[in-house]
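So the structure is just underneath, and the comments pick up after that.
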Amino acid sequence: MENFMDSLQTGIYQTFILDDNYQYFLNGIRITLTVAFLALIFGMIIGVILALIRTSHDQQQPGKRKSAILGILNLLARLYLTVIRGTPSMVQLLIMWFVIWASARSSDRNLIICAIMAFSINSGAYITEIIRSGIMSIDKGQMEAGRSLGLTYAKTMRYIIVPQAFKNALPALGNEMITLLKETSIVTVIGLKDLTKGAMIIQGKTYQALIPFFAIAAIYLAMVMLLTWLLSRLERRMRQSDIR
């Protein structure tokens, strides 16, 4: 037991204190949150735009002349969804860095931008279907009521349909946020020094695997629990605003 405790103390010292190794964790948290947060924002933008394109196409009234441009955009959106959801996110990240960014100099800035782009495109595909399902869950009478008040289709979607759809889709969006946060750990394959890469560097320096990897597991768990708590508070506030 004493040997185990001594080994544990040595591991903690080497992982966090020796050569200021804790800096790897702090820098890793910064990079992980930066990639996840920005990828979520851009993914939301992609998702909302494509969800509106798909629902607008699906809600075209039968018998009326359908928009050719909307049909082409819907076809491209479906192709995008099929390709992105049908291939692993790690493969997409590798293609983004070693193929699309093949001529880019390997720097932290370029690696972060590449990771944000890859995860934005990946997350956007899933957010598209989440938002689309939220929009389709809104009763058709809401659209008719908005149009009867003189609102255009775009304004009805913006002020009436999308806000309600967002509330309905919030739990699924929360799951996507959590998944995105955890999936950023694969950026180690292109050399970005996130949390996982930081733990691997420390393990390579100290030959200690237990403490570094359990440490990043605890950090990821803490971030996910914090995000879950924030989302639950947001859901409660939205429910209270509906009651009022």
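The structure displayed is predicted, hence computed values, not measured ones. Throughout, residue positions are numbered sequentially from 1 according to the sequence presented.
Counting only distance, with no hydrogens or angles, the side chain of Ser137 and the backbone of Gly134 share a donor-acceptor pair below 3.5 Å. Looking at Gln92, its side chain does come within 3.5 Å of a backbone N or O of Ile84 through a donor-acceptor pair. Of the possible polar contacts, none joining the Tyr24 side chain to the Lys193 backbone as a donor-acceptor pair under 3.5 Å is found.
Nearest heavy atom pair, residue Thr55 against residue Leu52, reads OG1-O, 3.2 Å. Pairing each heavy atom of Thr188 with each of Lys197, the nearest pair is CG2-N, 3.3 Å. Contact between Ser185 and Tyr220 at its shortest, heavy atoms only, is CB-OH, 3.5 Å. For the pair Thr156 and Gly146, the tightest heavy-atom approach, listed with the atom from each and the gap, is OG1-C, 3.8 Å. The two residues Ser123 and Glu176 make their nearest non-hydrogen contact at OG-OE2, 2.9 Å. Nearest heavy-atom pair across Ala77 and Arg54 is CB-CG, 4.2 Å.
Atom-to-atom distance recorded for Leu192:CG and Thr184:OG1 is 9.0 Å, nearest 0.5 angstrom. Distance check: Thr152 OG1 to Met157 CE gives 11.0 Å after rounding to the nearest 0.5 Å. Rounded to the nearest 0.5 Å, atoms CD (Gln14) and CD1 (Ile202) are 11.0 Å apart. Note that the CG atom of Asn27 and the CZ atom of Phe25 stand 12.0 Å from one another [nearest 0.5 Å]. Interatomic distance, CG of Leu231 versus CG of Asn175, reported as 8.5 Å (0.5 Å rounding). Between the OG1 atom in Thr128 and the CG atom in Leu81 there is a gap of 5.5 Å [rounded to 0.5 Å].
The closest side-chain heavy-atom distance from Ile95 to Thr87 is not below 4.5 Å. Contact annotation: the side chain of Phe98 approaches that of Ile190 to within less than 4.5 Å [non-hydrogen atoms, C-beta and beyond]. In this structure, Ile53 and Leu50 have side chains that are in contact, with non-hydrogen atoms separated by less than 4.5 Å. Contact of the His57 side chain with the Leu73 side chain is not registered, since no non-hydrogen atoms from C-beta on lie closer than 4.5 Å. Between Phe119 and Ile186, some side-chain heavy-atom pair lies under the 4.5 Å cut-off. Using a 4.5 Å heavy-atom threshold, the side chains of Ile211 and Phe16 count as touching. Between Asp20 and Tyr22, the closest side-chain pair of non-hydrogen atoms falls below 4.5 Å.
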Chi angles and distances behind the side chain to side chain contact (heavy atoms under 4.5 Å, CB included) call for Val224, Leu181 | CA-CA 8 Å; Val224 168; Leu181 177 64; 4.2 Å; yes
I would like to know whether Leu111 and Trp101 meet side chain to side chain contact (heavy atoms under 4.5 Å, CB included); could you show each step before the answer?
-> CA-CA 9 Å; Leu111 288 168; Trp101 283 61; over 6 Å; no
Verify side chain to side chain contact (heavy atoms under 4.5 Å, CB included) between Ile72 and Leu75, making sure each step is shown before the conclusion.
-> CA-CA 5 Å; Ile72 294 172; Leu75 181 63; 5.6 Å; no
Worked check of side chain to side chain contact (heavy atoms under 4.5 Å, CB included) between Met90 and Leu93 | CA-CA 5 Å; Met90 181 179 289; Leu93 182 62; 5.6 Å; no
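For the 3.5 Å distance criterion, the side chains of Asn122 and Ser89 fail to qualify, holding no donor opposite an acceptor. If you check the side chains of Lys205 and Asn21, you find a donor sitting under 3.5 Å from an acceptor.
The number of heavy-atom neighbours closer than 6.0 Å to CD1 of Ile69, taken from other residues, nucleotides and ligands shown, is 12 or below. Environment of CZ in Arg85: crowded, with over 12 heavy atoms of neighbouring residues, nucleotides or ligands closer than 6.0 Å.
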